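Keep in mind that this is a model prediction, so the values were computed, not measured. Order of the sequence lines fixes the chain letters, A, B, ..., with proteins taken first and strands second; residue numbering starts at 1 for each chain.
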Amino acid sequence: MRLRFAPSPTGALHIGGLRTALYNFLLAKKHQGVFILRIEDTDQLRYVPGAEEYIIESLQWFGLAPDEGPGFGGGYGPYLQSERRDIYQQYARQLIEKGEAYYAFDTPEELEIERQQNPAFRYDASIRRRMKNSLSLPAAEVQDRIASGAPFVIRLKVRPNEQAVIQDLIRGEVTFDTNELDDKVLIKADGLPTYHLANIVDDYLMEITHVIRGEEWLSSTAHHVLLYRAFGWEDRMPQFAHLPLILKPAPESFLHKENTPPLARRLAEEFQKKHPEEAEGYLEKAEQFTLQVLQDKANIAANLKEKDRDDRQKAQLKAFLRDSLFGKLSKRDGDRLGFPVFPLSWQGNGDQDSFIGFREYGFLPEAAINFLALLGWSPGTDQEIFSMEELAQAFSIEKIGKSGARFDIDKARWFNQQYIMKADTGYLMDRVRPFISAHGHHPDDAFLRQFVELMRERAATLAEFWENGYYFFEPPGTYDDKNARKRWDAARSGQFAQLLQSLAHQEDFSAGALKALVEGFIQDSGLKFGDVLPLLRIGLAGTMQGPAVFEMMELLGKAETIGRLGKAFRLFDEWVSQG
RNA sequence: GGCCCGUUCGUCUAGGGGUUAGGACGCAGGAUUUUCAUUCCUGAAACACGGGUUCGAUUCCCGUACGGGCUGCCA
């Protein structure tokens, strides 16, 4: 069994692509097969430097290292399509000789005009005789054109009145009528192949047995079947499995009172950027309308649907909003909604093309994999937590769902929290450390270990170790003054000064000893636990939330504890005296 | 517009001709906890609609609606 993941290096690999890679990987592992990475870089215009490295780094971070691929060895290379140019040329000529393909000289401009005149324009058997190609032109002219170096493409000659049948492992039998299919370009004017040719030739040459890819390929699979037929390779055709797409989250799931206005603003700005001519001086109105639509959560789709014949701007805006709010998950979504849709952060040209990744957001790779695996696939049991090995064991194509799955960041965070709670402490320390050092703190192992133990049940992401526990490294920046004021007065001030005294005399600063000490204080002073602990907590951490107070004191140490409490009590005194 | 695919709680899903339609996230309530979190318990919450087929349909078939994909010398 040989499976491949074949991304094209046109930018950061997004989470849908990563899931495709995962499913290919899992099936390969389950059957002791081979997982291949092939880079489909046949579009020179869309090629993005660094994207290939990004893809490889992403796969490695997630533990999906290929068995064969660029830089990974393998006997079926090269694995970069740009280095296989001559191979595709050779196979394209073979098709021409067999009468299954032909040269075409129509320029992109000419085709554009055709499409404008007739939106349903299709380069197929019914019209190819009136176009400029080796089927319609005299042989001598065709020779001349090619000899003179005139640009040309090679097109597949699709025969009318046939059927292209796909036996899809997920969708069952899907049939296409060749009368609906156009004569796809196989070789572009620049001499490089299109996806369709390169894909078929490579899958054949690399002896791929199963093609697991996104549903966006289902339609073109008809052409791929035709290509296998044209080459006479039908018996070697791989099995296809077309995955449902990952969709944007449901709007009502991420729309809250606080984030709706900024989102409306953002969308309006994006609209303006995208349609400068339409949106000229329209920003305010666009924002207003967008906000209005977003606030009526239940009817967003309906409100965007009505047609506005006489209001062109509004119609455009609606179309834009529809695209932005529904459909498949896209690059921009992460930015708009504040969660990652890429494995790793990506630095493109400027903010517009830079995105935060799962890794930098603070996900553990195992958690992200687990989440992704279950987005569109189900083991058929109630088990939710799976190691990679368990996934490979349990995985099967039959259990992949048929409908698109919406991305759910809350569920992803829950998985991450589960993994953080059960992770090996040393492993977790290594993963947390960068998130602490990013803020200029470099704790020793003993300190970090205790910190991680105290915070691991209180952090859903690695970043939250810092966000929710920064006060272990530096004094609190703000204090929950509302709660402090409620519990502080002149009498309390005196009592706590005494407590500070005994703390200063305390030798043993372990949590247990501190607990005993404070309990003694509570007894002597006649106060209750609830009168004392919250104040200590706020004094130490600034907030009412966090690990047990005595554990906190132990980790902070005597000097820091006393220093912070002294400072906080003076602050409380000020507040109370000011009223 | 044309072609293709899909539709079970808000979300991810299990199930499948006769079930109290199961689980998970999230949400609400409760217990434990000095707080928060964890853990545990409880609750609200779904078979898109209309026709068939059938003794019986959420499950099979057909339509409609809705959603999605494709419709490039992009992948």
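Taking the centre and axis of the six-membered ring of F320(A), the NZ or CZ atom of K318(A) falls outside the cone set by 45° and 6.0 Å.
Nucleic acid contact for K328(A): sugar-phosphate only, since backbone atoms but no base atoms lie under 4.0 Å from a heavy atom of the residue. T175(A) comes within 4.0 angstrom of sugar-phosphate atoms only, judged by non-hydrogen atoms across all strands, and of no base. The residue D182(A) sits apart from the nucleic acid: no heavy atom pair falls under 4.0 Å. Residue S219(A) is classed as a base contact, given a heavy-atom separation below 4.0 Å to a base. Looking at heavy-atom distances under 4.0 Å, V153(A) makes contact with a base. Base engagement by A548(A) is indicated by at least one non-hydrogen atom pair under 4.0 Å involving a base atom. Within the nucleic acid shown, G530(A) has no heavy atom closer than 4.0 Å to any nucleic acid atom. Using a 4.0 Å heavy-atom distance criterion, A405(A) is classed as a sugar-phosphate-only contact. The residue T381(A) sits apart from the nucleic acid: no heavy atom pair falls under 4.0 Å. When heavy atoms are screened at a 4.0 angstrom cut-off, P249(A) is found touching no nucleic acid atom at all. Heavy atoms of R456(A) sit nowhere under 4.0 angstrom from any nucleic acid atom. Contact annotation for M421(A): backbone-only contact, meaning every heavy-atom pair under 4.0 Å involves sugar-phosphate atoms and none involves a base. At a threshold of 4.0 angstrom between heavy atoms, the contacts of F407(A) with the nucleic acid are absent. G214(A) comes within 4.0 angstrom of nothing in the nucleic acid, heavy atoms only.
Looking at D43(A) and R46(A), a side-chain N of the basic residue comes within less than 4.0 Å of a carboxylate O on the acidic one, giving a salt bridge. The pair K482(A)-D480(A) does not count as a salt bridge, with every side-chain nitrogen at least 4.0 angstrom from each carboxylate oxygen. Ion pairing of K528(A) with D531(A) is absent here, as no side-chain N (NZ or NE/NH1/NH2) approaches a carboxylate O to less than 4.0 Å.
Comparing F326(A) and G401(A) by the nucleotide of RNA chain B whose heavy atom lies nearest to each, the residue mapping closer to the 5' end is G401(A). For the pair V549(A) and G380(A), both in contact range of RNA chain B, the more 5′-proximal nearest nucleotide belongs to G380(A).
Between F371(A) and F386(A), the ring center distance fails the sub-6.0 Å criterion. The aromatic ring centres of Y23(A) and W377(A) sit 6.0 Å or more apart. Checked against the 6.0 Å centroid threshold, F435(A) and F465(A) do not count as a close aromatic pair. For W217(A) and F240(A), the ring centers are positioned 6.0 Å apart or more.
The separation of U34(B) from U42(B), taken at their P atoms, amounts to 24 Å, rounded to a whole angstrom. The gap from the P atom of C25(B) to that of C61(B) amounts to 34 Å, rounded to the nearest Å. Nucleotides C12(B) and U7(B) are separated by 15 Å at their C1' atoms, to the nearest Å. Look at the C1' atom in both U13(B) and A21(B): the space between them is 13 Å, to the nearest Å. Atom P of G22(B) sits at a distance of 40 Å from the matching atom of C3(B), rounded to the whole Å. Straight-line distance between the P atoms of A48(B) and U11(B): roughly 12 Å, to the nearest whole Å. Rounded to whole Å, the separation between the C1' atoms of G51(B) and C41(B) comes to 45 Å.
Listed nucleotides C70(B), C73(B), U7(B) differ in distance to P108(A); the shortest reach to its side chain belongs to C73(B). Out of U11(B), C4(B), A24(B), the shortest distance to the side chain of L218(A) is found at C4(B). The R458(A) side chain lies nearest to C36(B) when the options are C36(B), G6(B), C4(B). Distance from the side chain of T194(A) is smallest to A75(B) among A75(B), G26(B), C3(B).
Look at A46(B): it lacks any Watson-Crick or wobble partner with both distances under 3.5 angstrom. With both pairing distances under 3.5 Å, A14(B) is matched to nothing as a Watson-Crick or G-U wobble pair. Across all strands shown, C9(B) forms no Watson-Crick or G-U wobble pair with both distances under 3.5 Å. When both pairing distances are held under 3.5 Å, C60(B) makes a Watson-Crick or G-U pair with G52(B). Of all nucleotides present, only G69(B) satisfies the Watson-Crick or G-U wobble test against C3(B), with each distance under 3.5 Å. The partner of U19(B) cannot be assigned: no Watson-Crick or G-U wobble pair with both contacts below 3.5 Å exists in any strand. Under the Watson-Crick and G-U wobble criteria, each requiring two contacts below 3.5 Å, nucleotide U39(B) is paired to A31(B).
For C74(B), the OP1/OP2 oxygens have a side-chain nitrogen or oxygen of K188(A) closer than 4.0 Å. Considering only side-chain N and O atoms, T42(A) lies under 4.0 angstrom from the phosphate OP1 or OP2 of A75(B). Contact annotation: K399(A) side-chain N/O to G15(B) OP1/OP2 distance is under 4.0 Å. R115(A) has a side-chain polar atom (N or O) that falls below the 4.0 Å cut-off from OP1 or OP2 of C73(B). At C36(B), none of the side-chain N or O atoms of R537(A) fall inside 4.0 Å of OP1 or OP2 (strictly under the cut-off).
A straight line from NZ of K184(A) to C1' of C73(B) spans 11 Å, rounded to a whole angstrom. Separating the CZ atom of R19(A) from the C1' atom of U13(B) is a distance of 13 Å, rounded to the nearest angstrom. When rounded to the nearest whole Å, the span between NZ of K402(A) and P of C12(B) equals 16 Å. One can place CZ of R406(A) at 21 Å from P of C25(B), the figure rounded to the nearest angstrom. Computed from coordinates, the Q417(A) CD to U38(B) P distance equals 5 Å when rounded to whole Å. G67(B) atom P lies 11 Å from atom CG of L304(A), rounded to whole Å. For H223(A) and G69(B), the NE2 to P distance is 20 Å, given to the nearest whole Å. Separating the CD atom of E110(A) from the C1' atom of G72(B) is a distance of 16 Å, rounded to the nearest angstrom.
Side-chain atoms of H242(A) and R213(A) include a donor-acceptor pair closer than 3.5 Å. With hydrogens and angles left out, the side-chain atoms of E453(A) and T425(A) include a donor and acceptor closer than 3.5 Å.
Not a single donor-acceptor contact under 3.5 angstrom links the side-chain atoms of R171(A) to the base of C5(B).
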